[in-house]
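Bear in mind the structure is a predicted one, so any value in this text is a computation, not a measurement. Letters A, B, ... are given to chains in the order of the sequence lines, protein chains preceding strands, and every chain is numbered from 1. For the numbers below, each heavy atom of this structure counts, side chains included, while hydrogens, waters and symmetry mates do not.
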Amino acid sequence: MELKVIGDSRELLHLAIIGSLDIEGVQAIEAQFLGYASKAKKPAIVDMSGVSYLTSVGIRLLLNGSRTLEAGGARMVLYDLQDLVKDILKTAGLSGAFHIAPDKERALELIGGK
Amino acid sequence: MSNTLSLVLKNNVAELERLSGQVNVFFEGKGVPPHAVYATHIALEEMITNVIKYGYADAGAHDIAVTLALSPNHLDIRIEDDGREFDPLSAPEPDIDKPLEERRIGGLGIHLTRTMVQDMRYQRLNGKNILDMRVSYQADHAPKAS
């Protein structure tokens with residue numbers, strides 16, 4: 001499991017998560033991911049195309065990150081989710097708990113609140 | 001190529017990676033649709049994580065027995081442990097509208113499992129929790145969306 005910083009400008013934090021968001025994956029990136037979320041104070045987009053597997057601990061991590069950012073007045077958008085990952089969120093009834101976009105361009109639009 | 005997999009894990013989250021690897025090898029070349037493979041991984045990880053994290057009153061080592069049995073259109077999963085008596089079927093559904101911090105510990109994992117498997121049965125026998133689950137699929141076709 002890997003957390004990559006694609007970009008970190010004054011206006012936007014751009015992250016990518018790669019691998020399985022299971023217990024071990026979450027343990028590998030949790031501190032870093034939540035650290036970024038708590039310090040960012042700006043919108044964030046997260047490339048999810050590399051996430052092949054998502055369990056309840058992964059869902060909790062994403063929710064915690066999203067809420068941490070929102071507490072600082074910013075929004076987090078997940079984009080380019082794999083079909084199985086989208087299915088899991090839908091099954092959990094949590095699709096509406098996240099801002100989700102099909103691609104980076106649409107994610108940037110959502111960040112702008114359009 | 002065997003259609004049965006049996007293994008014994010220790011009550012340690014590090015064992016989940018070993019389990020995942022063995023399950024992947026088990027599924028190789030068997031033509032099980034991706035959605036059923038995913039459901040199997042989810043069910044095993046969520047249920048065994050709950051056993052490991054919440055099932056024991058002591059800090060000692062315990063065995064968790066896992067069996068997979070593959071049929072042409074379904075996979076049967078059995079998880080057997082000697083932890084505290086716990087019937088996941090009796091756990092109330094999480095209120096998914098509540099903030100995450102207000103939800104019961106483990107509720108989301110059980111909820112995910114319940115929605116991804118087609119049958120789930122629990123029994124307490126000789127001091128052990130025995131959880132049986134079935135993942136159904138259409139051989140050579142993707143399972144129908146529910």
Flag if over 12 foreign heavy atoms under 6.0 Å of CZ, R124(B): yes
Worked verdict on T55(A) versus T49(B) for side-chain contact (heavy atoms from CB on, under 4.5 Å): CA-CA 11 Å; T55(A) 64; T49(B) 296; over 6 Å; no
Chain B contact via D87(A) - side chain, backbone, both or neither, heavy atoms under 4.5 Å: side chain
Cluster overlap L81(A) with L63(A), hydrophobic side-chain contacts below 4.5 Å: yes
K10(B), NZ atom: more than 12 neighbouring heavy atoms under 6.0 Å: yes
Flag if over 12 foreign heavy atoms under 6.0 Å of CD, E17(B): no
Contact origin within S52(A) toward chain B - heavy atom pairs under 4.5 Å: backbone
K53(B) atom NZ: more than 12 heavy-atom contacts under 6.0 Å: no
Contacts of residues 38-48 of chain B with chain A (heavy atom under 4.5 Å): Y38(B), H41(B), I42(B), E45(B), E46(B)
Greater than 12 external heavy atoms within 6.0 Å of K104(A)'s NZ: no
Side chains of L108(B) and I59(A) in contact at under 4.5 Å (non-hydrogen atoms): yes
Connected via hydrophobic side-chain network under 4.5 Å: I18(A) and L54(A): no
Single-linkage hydrophobic cluster M120(B)~V135(B), side-chain heavy atoms < 4.5 angstrom: yes
I88(A) side chain near M116(B) side chain, heavy-atom distance below 4.5 Å: yes
